[in-house]
Visitor: 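To start, I am sharing the structure in question, which I have written as structure tokens.
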Amino acid sequence: MVSKTDDIPATVPTGKTSDHTEEGEPLDSKDTIKESLKDLCACGHSADTTVMNGDGVHDHTEESKPEGGGDPEQGEDSSEQEVIVIQDTGFTVKIQAPGTEPFDLQVSPQEMVQEIHQVLMDREDTCHRTCFSLQLDGNVLDNFAELKSIEGLQEGSLLRVVEEPYTVREARIHVRHIRDLLKSLDPSDAYNGVDCNSLSFLSLFTDGDLGESGKRKKGSELEQIDCTPPEHILPGSKDRPLAPLQPLNRDWKPLQCLKVLTMSGWNPPPGNRKMHGDLMYLYLVTVEERHISVTASTRGFYLNQSTTYTFNPKPASPSFLSHSLVELLSQISPAFKKNFTTLQRKRVQRHPFERIATPFQVYSWTAPQVDHAMDCVRAEDAYTSRLGYEEHIPGQTRDWNEELQTTRELARKNLPERLLRERAIFKVHSDFAAAATRGAMAVIDGNVMAINPGEDTRMQMFIWNNIFFSLGFDVRDHYRELGGDAAAHAAPTNDLNGVRAYGAVDVEGLYTLGTVVVDYRGYRVTAQSIIPGILEREQEQSVVYGSIDFGKTVVSHGRYLELLEKTSRPLKVQRHNVLNEKDQSVELCSSVECKGIMGNDGRHYILDLLRTFPPDLNFLPVEEEELSPESQRHGFPRPHRHRLACLRQELIEAFVEHRYLLFMKMAALQLMQHKANKESKAEPELALPASGADSTTPESKPAPTVADGGPVSTVADGGPVSTVADGGPVSTVADGGPVSTVADGGPVSTVADGGPVSTVADGGPVSTVADGGPVSTVADGGPVSTVADGGPVSTVADGGPVSTVGESGPESPQSEASSPAAVTVATTNGSLLPAATTLLPNGECDSPLEDPRSREVVLNACRAVGSISLSSFDIRFNPDIFSPGVRFPDDSAEDILKQKQLLKDAAAFLVSCQIPSLVKDCLDHSSLPMDGATLTEALHQHGINVRYLGNVLEFVDKTPARAQLDHLYKIGISELITRCAKHIFKTYLQGVELSALSAAVSHFLNCFLSSFADAVAHLPADELLSRRKNRRRRNRVPGGGDNTAWASLTPSELWRNIASEAQSYYHYSLSCESVDQAVESYALQKITLLREISLKTGIQILIKEYNMDSRHKPAFTEEDILNIFPVVKHVNPKASDAFHFFQSGQAKVQQGFLKEGCELISEALNLFNNVYGAMHVEICACLRLLARLNYIMGDHQEALSNQQKAVLMSERVLGIEHPNTIQEYMNLALYCFANGQLSTALRLLYRARYLMLLACGEDHPEMALLDSNIGLVLHGVMEYDLSLRFLENALTINSKYHGPRSLKVALSHHLVARVYESKAEFRSALQHEKEGYTIYKNQVGEGHEKTKESSEYLKHLTQQAVALQRTMNEIYKNGSNASIMPLKFTAPSMASVLEQLNIINGIIFIPLSQKDLETLKAEVQRRQQLQESEKGMEQLDDSQLELDDKLPVDD
């Protein structure tokens, strides 16, 4: 039942949550809104910290191990776990608002009163009220009280809404809220990238809500479908228009309720009017052109007699006083009343997911020309809160550092506490990221005063809103030896990776700074929270640990060593000594640059984490050091721009795991020899390879994998190792999966993927399966544990090149960097092993190892793999090796040599194992990158830095199956070209002054993409140039270059620069001197290059058709450049408990327990909602999986509803044309078809095809699946000719990417044959079906049911063909009076089309009898696992590292 799409897309960290709004309900189902409306509460995050109730929830959540450790499944199984009730049953209260009928509202005891306020401000009939209190029996309820703490509040209680007097703050909030209601359908905020608004177009393709339309249209659908796709979507079309990317939405031309609503020039009220209660004055123009002036007073709003030039605060007639501005305007403007009502009705009908704010801002790279309208709120924002104070926080500015650190200190003993903590952390992080982005833009735009204004602009530093900003330049030659500005540009992203890693280990008592890296207008800005007291002291005084001068002077501190020691195991950092300037030995547990500073708040902070991970020797030439032969063979070491090139954390994890495998193999091998020698009484000879030799065995082939769900038999490292110690079989796993190991006899099974390690010492076989059925416990693309014939279970850690069952798709859920989280558990250096395999407890021996011989075995194996301990497997890296200026004491010379060798081995491992493994994943389609972002993601999952892109391309080029990697090569080349262009664009922009920005950007795009050879820049018009140009201004803002050098760039020069950049940075030679040559020689698309460069640099262009091929005029003018956005990198805090539920849900589904899986995933959804609010990438994955389960279990309606949410969320959170969004559209189309909504299904598929053409073009393996879907649906609606075009295209693509003999191609032939049969063209049908039959016969043999089905179908076709021929002959012979047998030309039944759709989308329904067997088998296995896990639980040593948030970092 696994399908290629239910693994989670690469770009998405797994798991997501939904809103709990039932589809049809209006928004009173307030769970959705609760989190989403920006809390206007008086404190930073308290409004956001309740646990919300959801509908799909169990009444209680089992406790998972704290800190993301234990096995998610053990939550359900172990009875002694404490169970915590987080959802009490909800109850209903009545709400009575002035002037409306009382209505019922479902609430939960955990909610705050504040949340009922939010609901009322969103409901259609009460949305215009903001300043009110809720009263129960005359008592005012406290906004921040939980409902369960309120006396007398029970089922059926009546809450009255009582209008309260206004204050200036309340009046402002009211005006802002009314403005938001008036603009609620207006997309301009989404286009402008403000307030976490983003675009969604799904509703245009589904005609409103999917749920209802199914019931409405089912009957008459067939007659009235127009199936013709637009020309540009047809296979083979070369036209790639841009306009359809953002189709026009009728609702977006909003009804005009008011012409102007703005603050009056008479503000603020004079003293005498203040004493009459005047708070502020508003100026309005109604649709009827009536100009009015309104007073906001403590009692409400009324018209006054002021005009533009005369101030008269007396009430005007008619003198209404209304508590709400809406009521007042409804009385004086009929048009306002009518349009406002219609507008609110439309607003409430929209899906909540179209309007909830996203946690982080998503920017759109295209936008239509939006009319700029007067907007008082925006105008006010621009000059008040945007300068650094947030409206709803007392004391105005937020103390970001205090908030970030306090949330980390919250309790985390049980599930509710952890949810509260994670939710608070997530909320503060997303607020901080937004504030830091705004501040960074203000800094570059020159709107912030520097704290050192006298210095050169590149050296200036800024403080805004309690955030510290610095520019990415090498000031004071700090990085001179490391590469100057290039190093200063790379350091912030390295530092961010360090912050992310330490944050994920989450050691109590160790603090990191809030860090955000913003690239904007060619500048890199680092934003950091401020350590209390740091600005008052010199840095030398503050640093108590580490070095401020790259290792010349070094200090250490006991408490820091103690704290960092806790991180050293998960982060694989070795404790080591270095010499300081007095030649004294100083102990460190991090790199020397890592500084420890004690804040005035007594907290221990660490900063400058840029060398958290060890250096990458392939890009760090060191004199007198030879790299290993594998690296040298690939042309390493290569010079790099800077000396800060580090290995990625994912690589370290994979490498350690690879070594662990080797270690186990060697130990087992020696124990066998030992045993054999004992028997023959001969002295054993142990041949151990030297430490370097074993390093990577580059020839090792990646493990063979099974495409469609067969068991996985994998071979480690170039040859099956069936080594047995004392008789128990050892089954080992391919390169990079942990191994089931043997301690003197019994097989031991180790589990990857964050589960506990159930291990057995001393003998008995572990987790065997009832008589040998293969058990595939695969979490969507996760670890595969298979069993053969009663043997022990061998498990595979995800991330090793091990077959995923029936999976392919760019998104395996572990995709997050092959889930280091998972990997660590099995291999975390030593941490599990000592407890787990009593093979090697740290230092001491347990029973089996009392034998000194065994101890020697372990010692030898440890030496061979470079373990830092000789009594247990433990690999760690010393991050200071090869750091210039760092010296080590003499007594550690041997250790340093070992460490150097380890680094060389790791660098060789990347080149000889990880790059081939990535290419292999792309060959077998378990990884399917579709654009630059998903390619980067795939590289990062394998631990490959983007600077290796040139190597990857060379490797692809030399692969024997080169044609099957065409898509990867193309995406790689376009990524390489656009990244080179981005590097050039960065320095290009730094020299442009603000007034010439759009001209400069359009000129650059012309040089980059337009075929027009002599692109000329348009300099700003002369009449605007001031007569006296004072070039001597000292304090220019960072973004204020005033030269015009940019205008002299020519296309040929730019492309020359791109080629030389490709050579010097990626060591790849591009053979093109112009955009047309590049398009020609690499089969690229200009529109794809335009999309990639815009996304990478933050350019926003006007959406229209650009003629980039014209040789007569440039494609872009300055009017086409609408905006330039920041590109932001930040930490993504995780919801760990939810993630475990999600994973165990996936595992259950894989074992065939759909119902339990579904419950676990619904629970995960709930927990995700609790932490992230309603919108987040992980919720998306959760919804997708739920929809798929609903569909498999036959609940099509529910599947449709969940998948609709997944599509909306993917559009909003990832972007409207992100590869994930394309996947989601395809899934939704399938469920629509199953629900009888054929025309909707087609529209969705056409949309997906258009987006895919834009992102990567037609030549992509995923296009075959999409075209098969479209072809089948068209076949179903009897559009045979159209259907053939798509199906034949799918056949061509499948043959190219899967090889002409693959089963996918056989299926494609069969689908084409069916359409020809429907057209009564039997000869063609027979021809295709024969092809298919031949493939089945050769691949699976004649006895296989597929081959039999095909041969049956061939017989059927032959009969049809013969019958047709007879009839034709009859007609020829007897003319018109022939007696014609009626021929059966049946239109395909919907059921048969749906069956084929399910098959191609990887959904296979198992007949019941078989299912019963499976269930029985699985049940037996489950009981055994239960016993195992109870044994294993005692030994579980929990050191889980949740490091799944990989943001794209350009290196």
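Just the heavy atoms: all of them, side chains too, but no hydrogens, waters or symmetry mates, feed the values below. Please read these numbers as outputs of a predicted model, since none were measured by experiment.
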Visitor: At their closest point, which heavy atom of I1216 faces which heavy atom of L1251, and how far apart are they?
Guide: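 Answer, listing the atom of I1216 first, then L1251: O-CD1, 3.4 Å.
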
Visitor: Should V287 and L258 count as side-chain neighbours, where that means a heavy-atom distance under 4.5 Å?
Guide: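 The answer is no; the side chains never approach within 4.5 Å.
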
Visitor: What residue pairs, at least two apart or across chains, pass salt bridge (charged side-chain N to carboxylate O under 4.0 Å, His left out) with a residue in residues 1114-1124?
Guide: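 Only K1104-D1120 qualify under salt bridge (charged side-chain N to carboxylate O under 4.0 Å, His left out).
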
Visitor: Start with the C-alpha gap between F1012 and R1111, add the side-chain angles, then the distance that decides, and say whether side chain to side chain contact (heavy atoms under 4.5 Å, CB included) holds.
Guide: CA-CA 4 Å; F1012 181 57; R1111 303 200 170 280; 5.7 Å; no

Visitor: How about W1046 and F1004: are their ring centroids closer than 6.0 Å?
Guide: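 Aromatic pair excluded; centres sit 6.0 Å or further apart.
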
Visitor: If you define the side chain from C-beta out and look only at heavy atoms, does anything of P241 sit under 4.5 Å from D239?
Guide: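 Answer yes - side chains close enough.
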
Visitor: Would H128 and L325 count as a side chain to side chain contact (heavy atoms under 4.5 Å, CB included) here? Give the steps.
Guide: CA-CA 8 Å; H128 56 279; L325 192 53; over 6 Å; no

Visitor: Compare all side-chain heavy atoms of L1244 with those of C1232 and state whether any distance is below 4.5 angstrom.
Guide: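 Of all side-chain heavy-atom pairs linking C1232 with L1244, at least one is under 4.5 Å.
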
Visitor: Please report the interatomic distance CG(L1183) to CG(N1227), rounded to the nearest 0.5 Å.
Guide: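 Separation between the atoms: 12.0 Å.
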
Visitor: Would the distance check show the side chain of D931 and the main-chain N or O of T934 forming a donor-acceptor pair, the cut-off being under 3.5 Å?
Guide: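 Yes; at least one donor-acceptor contact below 3.5 Å.
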
Visitor: Have D1076 and S1011 got a donor and an acceptor in their side chains that come within less than 3.5 Å?
Guide: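 On atom types as modelled, these side chains qualify, holding a pair under 3.5 Å.
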
Visitor: Under a plain distance cut-off of 3.5 Å, with no hydrogens placed, do R240 and Q1085 share a side-chain donor-acceptor pair?
Guide: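 The criterion, which ignores hydrogens and geometry beyond distance, is satisfied for R240 and Q1085.
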
Visitor: Would you call R347-D180 a salt bridge at under 4.0 Å N-O?
Guide: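 Looking at D180 together with R347, the answer is no, because their closest N to O distance does not fall below 4.0 Å.
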
Visitor: Testing the basics here: between C127 and L181, what is the closest heavy-atom pair and its distance to 0.1 Å?
Guide: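 Reported closest heavy-atom pair: O-CD1, 3.5 Å.
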
Visitor: Nearest 0.5 angstrom please: I1093 CD1 to R979 CZ, how far?
Guide: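 I1093 CD1 to R979 CZ: 10.5 Å, rounded to 0.5 Å.
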
Visitor: Below 4.5 Å, heavy atoms only, C-beta onward: do M1175 and P359 meet side chain to side chain?
Guide: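 Heavy-atom side-chain distance check passes, below 4.5 Å.
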
Visitor: With the side chain counted from C-beta on, respond yes when L1253 and M1263 share a heavy-atom pair under 4.5 Å apart, and no when they do not.
Guide: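 Result yes, sub-4.5 Å side-chain heavy-atom pair found.
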
Visitor: Among L1208, T206, I356, find the one that has a side-chain contact (heavy atoms from CB on, under 4.5 Å) with H351.
Guide: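 When side-chain contact (heavy atoms from CB on, under 4.5 Å) is applied between H351 and each of L1208, T206, I356, only L1208 qualifies.
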
Visitor: Considering non-hydrogen atoms only, spot the tightest contact between R1091 and H1218 and give its length.
Guide: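 In this case the closest contact between R1091 and H1218 is NH2-CA, 4.3 Å.
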
Visitor: Check whether the side chains of S333 and T286 place a donor and an acceptor atom closer than 3.5 Å, and report yes or no.
Guide: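 Distance-only check fails for S333 and T286.
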
Visitor: Would you say E1092's side chain and G932's backbone share a donor-acceptor pair under 3.5 angstrom?
Guide: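 Indeed, once roles are kept as given, a pair shorter than 3.5 Å links the two residues.
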
Visitor: Does either side chain, that of N339 or that of T342, offer a donor lying less than 3.5 Å from an acceptor on the other one?
Guide: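 Not at all, the side chains of N339 and T342 share no donor-acceptor pair under 3.5 Å.
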
Visitor: Nearest 0.5 Å please: distance from the CZ atom of F1008 over to the CZ atom of F1116.
Guide: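 Answer rounded to 0.5 Å: 10.0 Å.
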
Visitor: Does a salt bridge link K1096 with E975, judged by any charged N lying under 4.0 Å from a carboxylate O?
Guide: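 A salt bridge links K1096 with E975.
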
Visitor: Does R179 come within less than 4.0 Å of D186, counting only side-chain N to carboxylate O?
Guide: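 A salt bridge is absent here (no side-chain N lies under 4.0 Å from a carboxylate O).
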
Visitor: Say you draw a straight line from CD of Q344 to OG of S184; how long is it, rounded to the nearest 0.5 Å?
Guide: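 If I round to the nearest 0.5 Å, the distance is 5.0 Å.
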
Visitor: Under a 4.0 Å N-O cut-off, is there an ion pair linking K986 with D519?
Guide: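 D519 and K986: not salt-bridged.
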
Visitor: Do Y1225 and E1211 meet the criterion of a side-chain donor-acceptor pair at a distance under 3.5 Å?
Guide: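 On atom types as modelled, these side chains qualify, holding a pair under 3.5 Å.
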
Visitor: Any chance you could measure L1084, atom CG, to I1087, atom CD1, to the nearest 0.5 Å?
Guide: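 Those atoms lie 13.5 Å apart.
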
Visitor: Sub-3.5 Å donor-acceptor pair from the side chain of K1129 to the main-chain atoms of V516, do we have one?
Guide: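 No: the side chain of K1129 does not pair with the backbone of V516.
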
Visitor: Does the Y1246 side chain pair with the main chain of C227, one donor and one acceptor, at a distance under 3.5 Å?
Guide: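 A pair under 3.5 Å: yes.
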
Visitor: Output yes when a side-chain donor or acceptor of Q990 lies under 3.5 Å from a complementary backbone atom of G522, and no otherwise.
Guide: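 Yes, the answer is positive, given that a donor and an acceptor are paired below the 3.5 Å cut-off.
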
Visitor: Does S1210 use its side chain to pair, donor to acceptor, with the backbone of A1206 at less than 3.5 Å?
Guide: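 No, the answer is negative, given that no donor and acceptor are paired below the 3.5 Å cut-off.
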
Visitor: For the side chain of S1010 and the backbone of C1007, is there at least one donor-acceptor N/O pair under 3.5 Å apart?
Guide: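 Judged by distance alone, no pair lies under 3.5 Å.
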
Visitor: Before giving the answer on side chain to side chain donor-acceptor pair (under 3.5 Å), spell out for E1217 and W365 the whole-Å C-alpha distance, their side-chain angles and the decisive distance to 0.1 Å.
Guide: CA-CA 10 Å; E1217 81 292 8; W365 65 279; 2.6 Å; yes

Visitor: Quick one, I984 with I1058, criterion side chain to side chain contact (heavy atoms under 4.5 Å, CB included). Give me CA distance, side-chain angles, the key distance, then yes/no.
Guide: CA-CA 8 Å; I984 296 163; I1058 287 176; 3.7 Å; yes

Visitor: Can you see which heavy atom on T341 is nearest to which on K337, and at what distance?
Guide: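 Here T341 and K337 meet closest at OG1-O, 2.5 Å.
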
Visitor: Below 4.5 Å, heavy atoms only, C-beta onward: do L1242 and Q1237 meet side chain to side chain?
Guide: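 Of all side-chain heavy-atom pairs linking Q1237 with L1242, none is under 4.5 Å.
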
Visitor: Side chains of D445 and Y520: donor-acceptor distance under 3.5 Å anywhere?
Guide: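 Yes - a donor-acceptor pair under 3.5 Å links their side chains.
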
Visitor: Among V1001, L1049, L1054, find the residue that satisfies the side-chain contact (heavy atoms from CB on, under 4.5 Å) test when tested with Y988.
Guide: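 Filter result, single survivor: L1049.
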
Visitor: Quick one, T1221 and P1219 - any side-chain contact, counting heavy atoms below 4.5 Å?
Guide: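 Side-chain contact under 4.5 Å: no.
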
Visitor: About how many Å separate CD1 of I1099 and CG of N1123, when rounded to the nearest 0.5 Å?
Guide: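 Atom-to-atom, N1123:CG and I1099:CD1 are 11.0 Å apart.
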
Visitor: Can you classify the ring geometry of Y283 versus H291 as parallel (below 30°), tilted (30 to 60°) or perpendicular (above 60°)?
Guide: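 Tilted: the ring planes of Y283 and H291 meet at 30° to 60°.
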
Visitor: Quick check on the 6.0 Å ring-centre criterion: do Y1250 and H232 meet it?
Guide: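 Centroid distance Y1250-H232: below 6.0 Å, so yes.
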
Visitor: Do the charged groups of E354 and R1212 touch, with an N to O distance under 4.0 Å?
Guide: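 Salt bridge: no.
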
Visitor: Minimum heavy-atom separation for P235 to F1286, with atom names?
Guide: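 In this case the closest contact between P235 and F1286 is CD-CE2, 3.5 Å.
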
Visitor: Please evaluate residues L1122 and Q369 with respect to the criterion side chain to side chain contact (heavy atoms under 4.5 Å, CB included), reporting the C-alpha separation (whole Å), side-chain torsions for both, the decisive distance (0.1 Å), and the verdict.
Guide: CA-CA 8 Å; L1122 299 183; Q369 194 73 60; 4.2 Å; yes

Visitor: Hey, does I1101 have a side-chain heavy atom less than 4.5 Å from the side chain of Y1106?
Guide: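 In contact.
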
Visitor: For S237 and E231, run side chain to side chain donor-acceptor pair (under 3.5 Å): C-alpha distance rounded to whole Å, both residues' side-chain angles, the deciding distance at 0.1 Å, then the answer.
Guide: CA-CA 7 Å; S237 163; E231 272 301 307; over 6 Å; no

Visitor: Have Q361 and T437 got a donor and an acceptor in their side chains that come within less than 3.5 Å?
Guide: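 Short answer, no.
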
Visitor: Which atom pair, heavy atoms only, marks the closest approach of S188 to K183?
Guide: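 Result for this residue pair: OG-NZ, 3.7 Å.
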
Visitor: Any donor-acceptor pair under 3.5 Å linking the side chain of R1247 with the backbone of L245?
Guide: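 Such a contact is found between R1247 side chain and L245 backbone.
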
